[in-house]
Amino acid sequence: MEFGKYFFEFCKRSGYDHMLRTLGGNLYEFIENLDALHSYLSLSYQEMNAPSFRVEKNEDGSMHLHYYSDRRGLCHIVPGIIGAAALDFFNIEISMKIVNQTEEEERTGKKEHIVFLVTQNPLFPCKERNEFSSSDLEKAKNANGDRGNSLLRGFDPVYPKSLWIDTKTFCNGLPFHMVFDKELKVKQAGVSIQKIVPGLQTMGICLDQYFRIIHPEVPFTISSIQKFINSQFVFQTRREMMPESWKERPMLELRGQMMWMEPLQCMLYLCSPLLRSLHELEERQMHIADIAPHDVTRDLILLNQQRLAEMELSSQLERKKEELRILSKHLEEEKKKTEALLYAMLPQHVANQLKEGKRVEAGEFKECTILFSDVVTFTNICAQCEPIQIVLMLNSMYLRFDRLTTVHDVYKVETIGDAYMVVGGVPVPVPTHAERVANFALGMIMAAKGVQNPVSGDPIQIRVGIHTGPVLAGVVGEKMPRYCLFGDTVNIASRMESHGVPSKIHLSSSAYQCLKYKNFEITERGEIEVKGKGKMHTYFLIRNKSATENEIMGRPMKDLDSGHESVQSFPEGKTETIPSSHQPGRYVDGPTDAQNSLKRRNQMKAGDLTGTDLVTISQRPQN
């Protein structure tokens with residue numbers, strides 16, 4: 001009993017309150033239409049196995065409620081549900097008790113049959129029941145008498161003395177109806193149902209030869225139909241009795257109500273085709289015109305078709321949304337590739353300003369270190385071999401040099417032929433610019449030994465020149481803009497390279513001053529005549545006394561503290577050492593850089609960039 005009340009409240013809170021309230025104007029009508037509600041809900045919940053209800057009026061104002069179910073033992077929650085509905089919707093209290101319980105074996109389903117006697121209890125809204133006097137009871141009785149029994153509250157209709165409709169109009173106006181007698185012999189049928197089931201044009205045939213009852217699950221007899229006369233009946237045509245053209249089509253289902261005509265001793269079945277969409281209508285080769293204009297089945301089909309169209313549109317929008325999401329993801333990936341290429345050609349902050357359409361102002365750097373290198377006897381090599389061999393040689397060399405720019409945090413400015421130019425301290429000033437460029441230069445000499453001279457087959461030789469001084473840096477040009485350095489420092493660095501010695505690193509005096517206390521081995525070359533500059537005192541950089549070759553080249557090495565290899569991964573299987581805090585390869589430019597240097601290196605990935613470009617440009621990290 002209590003569970004039934006809780007279940008009723010649960011249904012109301014689940015959104016069915018309005019639907020339940022509109023089922024009927026009194027409790028009789030409410031129960032009588034429960035099966036119709038279950039039939040409607042079964043369209044959405046295909047596996048729902050709802051019970052069936054049938055109600056009978058008694059002369060004393062009480063009712064007999066017939067409950068049918070496949071699930072035994074649930075009958076005890078019915079009084080709670082019906083009682084809660086009566087009190088909530090109709091403001092009456094009822095009593096229900098079981099008067100009969102049987103198993104109906106002849107039914108095709110819902111064999112458990114429970115009969116409840118439903119009676120109305122008097123309501124006393126002002127006082128407790130045990131506090132009412134006889135006068136109060138008399139007033140309540142009179143009030144109930146004036147109001148009528150709430151179980152069956154209604155009105156008395158007025159009927160005409162004769163039926164003002166002819167047979168032809170009735171059959172055309174109700175195209176889906178059938179009249180049959182106690183022996184199930186057809187006496188009358190609507191025009192549309194005759195068109196679909198031609199056998200009904202032969203009056204006197206038995207209805208069960210052409211139809212079977214789908215709902216309720218009862219035998220096809222007049223007595224079973226009379227028991228459930230208040231239920232909705234669903235008929236389905238029998239395939240074996242349909243015309244040949246219907247054999248491959250889905251069978252037609254009819255849904256409607258039964259009405260017993262006592263004077264004629266016949267049953268009237270007022271029905272409509274059970275169709276939900278235009279697709280189902282077309283499958284049965286029917287048309288909207290076959291359905292009466294007053295029949296809401298027309299609206300149901302058209303509204304459902306509109307709903308299906310909206311669902312298809314929504315589905316298309318979802319597919320488009322997913323396609324756009326995937327396209328956006330691919331676009332983002334391509335954007336990252338484009339930005340990576342752009343940042344390889346220009347400093348990141350410069351590239352971002354150009355993307356935003358801003359003008360990039362030239363910047364002055366008071367001190368930086370510039371390096372130039374070139375291949376010894378490059379002109380002779382070009383004269384003695386094929387162009388493709390020059391391309392392969394330069395690409396092999398520049399791949400190695402590009403990787404070293406990331407290892408030592410220097411900025412690659414440009415390559416012209418065999419000339420390679422890098423700078424330290426530009427575009428972001430750092431105090432360790434000279435150390436970075438010096439270690440990079442040592443790495444260049446080592447890396448060049450792995451590149452073959454296509455003429456002799458021996459390792460190539462390069463000259464390296466380094467100078468420290470002020471420069472002006474900025475972007476020149478709009479088409480293929482370049483980040484260029486200007487100033488006498490560039491010229492002197494170029495002169496250091498051109499007046500250098502093969503496989504040597506030529507330092508100017510200013511570069512020497514920056515490196516002489518930084519654990520580098522440097523030898524004095526002395527004064528030399530420099531074109532356009534006169535006599536200059538220069539030096540040769542020999543090695544870094546505190547760094548190994550592996551550290552200079554960024555190769556895997558053993559971490560002295562942990563005994564494990566400390567490496568950084570690169571494309572094509574290459575690795576780069578992540579310098580430990582004690583290693584000379586770690587450049588500490590200040591308190592902030594000391595905290596962030598290792599983090600930056602962990603975030604940087606560089607290596608050999610594959611492709612067919614003559615000069616491969618790698619992305620350089622920006623501090």
Side-chain angles (χ1 to χ4, degrees), residues 365 367-383 393-394 397-398 400-401 404-405 408 410-426 433-449 451 453 455-456 458-472 484-516 518 520-544 552:
F365 296 85
E367 188 177 70
C368 67
T369 299
I370 298 176
L371 174 149
F372 278 94
S373 74
D374 74 345
V375 178
V376 178
T377 68
F378 180 70
T379 304
N380 295 335
I381 294 172
C382 290
M393 180 192 75
L394 291 178
M397 180 177 69
Y398 288 157
R400 288 167 168 80
F401 293 172
L404 288 172
T405 61
H408 298 288
V410 294
Y411 180 74
K412 175 183 174 183
V413 180
E414 62 181 348
T415 56
I416 303 175
D418 64 325
Y420 195 93
M421 179 183 178
V422 299
V423 63
V426 176
H433 54 84
E435 299 165 60
R436 297 166 185 259
V437 174
N439 284 322
F440 174 76
L442 292 170
M444 292 179 79
I445 299 297
M446 298 173 191
K449 295 176 182 178
V451 181
N453 183 326
V455 177
S456 64
D458 298 327
I460 63 170
Q461 290 182 308
I462 62 171
R463 284 188 297 261
V464 180
I466 298 175
H467 176 62
T468 300
V471 297
L472 188 70
C484 297
L485 307 181
F486 303 92
D488 197 45
T489 301
V490 179
N491 296 329
I492 296 174
S494 179
R495 294 290 184 266
M496 290 298 101
E497 173 266 314
S498 61
H499 290 74
V501 178
S503 299
K504 293 286 186 178
I505 301 170
H506 196 197
L507 301 178
S508 68
S509 59
S510 61
Y512 166 74
Q513 292 299 322
C514 291
L515 297 172
K516 64 180 179 180
K518 303 294 185 180
F520 288 95
E521 182 180 335
I522 301 173
T523 61
E524 185 177 359
R525 183 180 186 185
E527 282 193 353
I528 62 170
E529 184 70 28
V530 177
K531 182 180 178 182
K533 298 299 177 182
K535 292 186 180 298
M536 293 186 67
H537 205 84
T538 61
Y539 303 82
F540 286 124
L541 174 63
I542 306 302
R543 67 186 181 93
N544 186 327
I552 295 295

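Model, not experiment: these values are computed from the prediction.
- With a 4.5 Å cut-off on side-chain heavy atoms, L507 and M496 do not count as touching.
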Please lay out, stage by stage, how F372 and I370 fare under the test side chain to side chain contact (heavy atoms under 4.5 Å, CB included).
-> CA-CA 7 Å; F372 278 94; I370 298 176; 3.8 Å; yes
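- Applying side-chain contact (heavy atoms from CB on, under 4.5 Å) to F440 and the options I505, I466, L404 leaves one that passes, L404.
- No side-chain heavy atom of S498 sits less than 4.5 Å from a side-chain heavy atom of K531.
- For the pair L485/V413, a side-chain contact is recorded, criterion being any heavy-atom separation below 4.5 Å from C-beta on.
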For Q461 and N453, run side chain to side chain contact (heavy atoms under 4.5 Å, CB included): C-alpha distance rounded to whole Å, both residues' side-chain angles, the deciding distance at 0.1 Å, then the answer.
-> CA-CA 9 Å; Q461 290 182 308; N453 183 326; over 6 Å; no
What do the steps show when you test H433 against T369 for side chain to side chain donor-acceptor pair (under 3.5 Å), and what is the final call?
-> CA-CA 6 Å; H433 54 84; T369 299; 2.7 Å; yes
Full working for side chain to side chain contact (heavy atoms under 4.5 Å, CB included) between Y539 and T523 | CA-CA 6 Å; Y539 303 82; T523 61; over 6 Å; no
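- Looking only at side-chain heavy atoms (C-beta outward), F486 and V471 stay at 4.5 Å or farther from each other.
- Counted by atom type alone, H506 and R463 present zero donor-acceptor pairs between their side chains at under 3.5 Å.
- Taking 4.5 Å as the limit, every side-chain heavy atom of I522 sits out of range of all side-chain heavy atoms of I542.
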Side chain to side chain contact (heavy atoms under 4.5 Å, CB included) evaluation trace for L394 with F378 = CA-CA 10 Å; L394 291 178; F378 180 70; 4.0 Å; yes
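- Nearest heavy-atom pair across V530 and H499 is CA-NE2, 3.8 Å.
- Going from atom CD1 of I445 over to atom CD1 of I552 covers 12.0 Å, rounded to the nearest 0.5 Å.
- Taking every heavy atom of both residues into account, R525 and G500 meet most closely at NH1-CA, 4.2 Å.
- Considering CZ of R495 and CE of M536, their distance stands at 10.5 Å, rounded to 0.5 Å.
- A donor-acceptor contact shorter than 3.5 Å is absent between the side chain of S494 and the backbone of V490.
- Across every non-hydrogen atom of P459 and K449, the tightest pair is CB-O, 3.5 Å.
- Atom CZ of R436 sits about 10.5 Å away from atom NE2 of H408, to the nearest 0.5 Å.
- Side-chain atoms of D418 come within 3.5 Å of backbone N or O of V375 as a donor-acceptor pair.
- Here K535 does not pair with E527 in a salt bridge; the nearest charged N to carboxylate O distance is not below 4.0 Å.
- Interatomic distance, Y411 OH to L371 CG, rounded to the nearest 0.5 Å: 15.0 Å.
- Separating the CG atom in L541 from the OH atom in Y512 is a distance of 12.0 Å, to the nearest 0.5 Å.
- Of all heavy-atom pairs between F401 and S373, the closest is CE1-OG, 4.4 Å.
- Across every non-hydrogen atom of A441 and V464, the tightest pair is CB-CG1, 4.0 Å.
- Heavy atoms only, all atoms of each residue included: K412 and V422 are closest at CA-CG1, 3.9 Å.
- A donor-acceptor contact closer than 3.5 angstrom links the side chains of E524 and H537.
- Two rings, from Y420 and Y398, have their centers less than 6.0 Å apart.
- H467 contributes atom NE2, which lies 3.5 Å from atom CD1 of I492 (distance to the nearest 0.5 angstrom).
- Within the 3.5 Å criterion, the main-chain N or O of P470 finds a donor-acceptor partner in the side chain of T489.
- Between the side chain of S510 and the main chain of T468, a donor-acceptor pair closer than 3.5 Å is present.
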